[in-house]
Amino acid sequence: EPQKKKFLLRFSGGNFTEFEPGRMRFHRRDFSLEILNTSREDEQLYEYSVSKGQEEEVWQIQLEVFEPVANPSIWILHRELSNSSCSLSLLCTSEKGDEVSYSWDGQENSTHGICSGHGSFLNLSYSLRSAAFGCVCTARNPVSSQDVAFDSSQCGSEQ
């Protein structure tokens with residue numbers, strides 16, 4: 001049974017023909033093809049071929065489409081205040097996005113290594129007498145990244 005191919009663009013003799021005008025943009029300078037307004041339906045295997053006389057070079061490219069990460073939120077899962085110290089369990093989540101990963105770090109100019117971590121959970125324990133500091137959760141995927149900050153002074157407040 002023969003296989004069928006759908007052509008998006010054909011380039012020959014210095015001219016090109018688009019088979020779906022307005023759907024993509026061809027860049028002559030580097031022979032790249034940009035698919036505009038990408039959707040999940042575009043997620044498939046593409047083939048790029050160049051014919052040179054009797055030879056043809058063929059590349060296959062798997063296009064993956066990712067939904068960007070939404071602004072994350074930080075939730076206090078557990079809070080314990082005792083002897084002027086604070087212990088917290090925090091959860092960072094983003095409601096949208098494909099293949100989201102999470103990391104934690106201190107805010108700019110912060111030297112507090114207690115904010116460092118990988119994954120959506122972070123456990124903190126610190127003295128309330130210490131200088132205020134902030135922890136930043138970053139939610140990221142291959143196409144986007146969003147940050148949200150948590151201030152250490154929020155230990156005694158409801159969120």
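Computed from a predicted structure; not experimentally measured.
Side-chain atoms of W75 do not come within 3.5 Å of backbone N or O of S89 as any donor-acceptor pair. Side-chain N or O atoms of R23 include one that pairs as donor or acceptor with a backbone N or O of L36 at under 3.5 Å. S144 places a side-chain N or O within 3.5 Å of a backbone atom of V69 that can act as its donor or acceptor partner. Y102 places a side-chain N or O within 3.5 Å of a backbone atom of S94 that can act as its donor or acceptor partner. A donor-acceptor pair under 3.5 Å is formed between the side chain of D98 and the backbone N or O of E67. Using a distance-only test at 3.5 Å, with no hydrogens or angles considered, no donor-acceptor pair links the side chain of E80 to the main chain of S87. At distances below 3.5 Å, at least one donor-acceptor pair connects side-chain atoms of D30 with backbone N or O atoms of S32.
Both L63 and L8 belong to a common hydrophobic cluster when Ile, Leu, Val, Met, Phe, Trp and Tyr are linked at side-chain heavy-atom distances under 4.5 angstrom. Under the 4.5 Å side-chain heavy-atom criterion for grouping Ile, Leu, Val, Met, Phe, Trp and Tyr, L33 is connected to W59 within one hydrophobic cluster. Clustering ILVMFWY residues whenever any of their side-chain heavy atoms sit less than 4.5 angstrom apart, transitively, puts L124 in the very cluster that holds L81. Hydrophobic clustering (ILVMFWY, side-chain heavy atoms < 4.5 Å, transitive): L128 and I76 are in one cluster. If you chain together hydrophobic residues whose side chains sit under 4.5 Å apart, F16 and F19 never meet in one group.
A donor-acceptor contact under 3.5 angstrom links the side chains of D151 and S153, judged on distance only.
Counting non-hydrogen atoms of neighbouring residues, nucleotides and ligands closer than 6.0 angstrom, the CD atom of E95 reaches no more than 12 such neighbours. Around CD of Q62, the count of heavy atoms belonging to other residues, nucleotides or ligands within 6.0 Å exceeds 12. No more than 12 heavy-atom neighbours from other residues, nucleotides or ligands sit within 6.0 angstrom of NE2 on H118.
Outside the 6.0 Å centre-distance limit, the rings of F31 and Y48 are not counted as a close aromatic pair.
Across all non-hydrogen atoms, the minimal contact from A139 to V100 is CB-CG1, 4.0 Å. Between N37 and D42, the shortest heavy-atom distance links the atoms O-OD2, 4.2 Å. The shortest non-hydrogen separation linking W104 to C115 is CB-O, 2.9 Å. Across all their heavy atoms, E43 and V65 have their closest contact at OE2-N, 2.7 Å.
To the nearest 0.5 Å, atoms CD (E64) and CZ (R40) are separated by 10.5 Å. A distance of 5.0 Å separates OG in S116 from CG in D105, rounded to the nearest 0.5 Å. Between the OG1 atom of T17 and the CZ atom of R10 there is a distance of 8.0 Å, given to the nearest 0.5 Å. Here the straight-line distance linking atom CG of L77 with atom CG of L91 works out to 5.0 Å at 0.5 Å rounding. In this structure, the separation between SG on C135 and CD1 on I114 is 6.0 Å, given to the nearest 0.5 Å. Note that NZ of K6 and CD of E20 are 4.0 Å apart. Values are rounded to the nearest 0.5 Å.
With a 4.5 Å cut-off on side-chain heavy atoms, V148 and C92 count as touching.
Y126 and F133 have perpendicular rings, their planes meeting at more than 60° on a 0 to 90° scale where under 30° would count as parallel.
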Apply side-chain contact (heavy atoms from CB on, under 4.5 Å) to residues E18 and F26 and explain how you reach the verdict. CA-CA 9 Å; E18 288 185 58; F26 176 64; 5.5 Å; no
I'd like to know whether L122 forms a side-chain contact (heavy atoms from CB on, under 4.5 Å) with F150, so could you lay out the CA-CA distance, the side-chain angles of the two residues, the decisive distance to 0.1 Å, and finally the verdict. CA-CA 11 Å; L122 180 68; F150 177 82; over 6 Å; no
